Amino acid sequence: AQSVAQPEDQVNVAEGNPLTVKCTYSVSGNPYLFWYVQYPNRGLQFLLKYITGDNLVKGSYGFEAEFNKSQTSFHLKKPSALVSDSALYFCAVRDSGTYKYIFGTGTRLKVLA
Amino acid sequence: EPEVTQTPSHQVTQMGQEVILRCVPISNHLYFYWYRQILGQKVEFLVSFYNNEISEKSEIFDDQFSVERPDGSNFTLKIRSTKLEDSAMYFCASSRTDGQGDTQYFGPGTRLTVL
């Protein structure tokens, strides 16, 4: 069965510093991986996805993610964090042969001014 | 940019009552979904819907739950007799196709509180 893991419940980073939010996956077949962000009292906003091709995927708000097949990882990154990036981030994988996404447990990002 | 919308944003109900959660998917999308997130827990898939039929459902989606597309724009989730454990944030999502790499776009959610 497909799964994703987000090993960190919370990540703290100073404003202006680079940030990384980690995600590892376990899939059979080709991975279809997604990152979503959830701001307080808001829904899940799509950031980016990996389907195939270039291992570095660029998305919304300056975020990017690096797909690493050998390490089965899909870490979310941003070169310079903003206070407004503080939110809950979810990694997800599309379950093979089904319609559903399987979500990780989420990582709370706190960017400190 | 088109968005998925959901109403109400917060619903409070008594145990045993019926609730209907409403969603308006993105207009040219054909596949619709419901997910839920119990406070502090993972987002979980409930059901997918296409061409006026359920295409897939999870074990959470038991006989107390039903979905409907009553007209050309709305997509609803009905819980017939709510239980305390149904308290959660319910998210509607839609996608243009059912392709593995197609993105599901989520609404802002309805927070359901069952007392």
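Quick caveat: nothing in here was measured; it's all calculated off a predicted structure. Residue numbers begin at 1 in each chain, while the letters A, B, ... track the order of the sequences. Values below: all heavy atoms of this structure, side chains included; hydrogens, waters and symmetry mates excluded.
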Same hydrophobic cluster for [X] and [Y], using side-chain heavy-atom links shorter than 4.5 Å among ILVMFWY?
X: A/Phe34; Y: A/Leu48; value: no
X: A/Val27; Y: B/Val43; value: no
X: A/Val93; Y: B/Tyr35; value: no
X: A/Leu47; Y: A/Phe67; value: yes
X: B/Leu112; Y: B/Val47; value: yes

Could you tell me whether the side chains of B/Ser48 and A/Lys100 share a donor-acceptor contact shorter than 3.5 Å?
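No donor-acceptor contact under 3.5 Å links the two side chains.
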
Is [X] in contact with chain B via its backbone, its side chain, both, or neither, using a 4.5 Å heavy-atom distance?
X: A/Tyr32; result: side chain
X: A/Tyr99; result: both
X: A/Tyr50; result: neither
X: A/Asn30; result: neither

For [X], I'd like to know if atom [atom1] has over 12 heavy atoms of other residues, nucleotides or ligands within 6.0 Å.
X: B/Glu85; atom1: CD; result: yes
X: B/Asp63; atom1: CG; result: no
X: B/Leu115; atom1: CG; result: yes
X: B/Gln64; atom1: CD; result: yes
X: A/Arg108; atom1: CZ; result: no
X: B/Arg96; atom1: CZ; result: no

If I take atom [atom1] from residue [X] and atom [atom2] from residue [Y], how far apart are they, to the nearest 0.5 angstrom?
X: B/Asp102; Y: A/Ile51; atom1: CG; atom2: CD1; result: 8.0 Å
X: B/Glu56; Y: A/Thr98; atom1: CD; atom2: OG1; result: 4.5 Å
X: A/Ile102; Y: B/Lys42; atom1: CD1; atom2: NZ; result: 8.0 Å
X: A/Leu44; Y: B/Gln104; atom1: CG; atom2: CD; result: 10.5 Å

Could you name the residues of residues 21-29 of chain B that have a heavy atom within less than 4.5 Å of a heavy atom in chain A?
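From residues 21-29 of chain B, none sit under 4.5 Å of chain A.
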
For chain B, the option from A/Leu33, A/Thr105, A/Leu88 that forms the most heavy-atom pairs under 4.5 Å:
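Of the candidates given, the most pairs with chain B belong to A/Thr105.
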
With a 4.5 Å cut-off on heavy-atom pairs, point out which of A/Gln38, A/Lys49, A/Gln45, A/Arg94 contacts chain B the most.
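It is A/Arg94.
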
Output, in order, the C-alpha distance, side-chain angles, deciding distance and verdict of side chain to side chain contact (heavy atoms under 4.5 Å, CB included) for B/Gln37 and A/Phe90.
CA-CA 12 Å; B/Gln37 183 184 29; A/Phe90 289 96; 3.4 Å; yes

Is it the backbone or the side chain of B/Tyr50 that comes under 4.5 Å from a heavy atom of chain A, or both, or neither?
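B/Tyr50 has no heavy atom closer than 4.5 Å to chain A.
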
Residue pair A/Tyr101 / B/Phe45, side-chain heavy-atom distance below 4.5 Å:
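A side-chain contact under 4.5 Å is absent here.
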
Between B/Phe106 and A/Tyr36, is the ring centroid distance below 6.0 Å?
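Ring-ring flag for B/Phe106/A/Tyr36: true, centres closer than 6.0 Å.
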
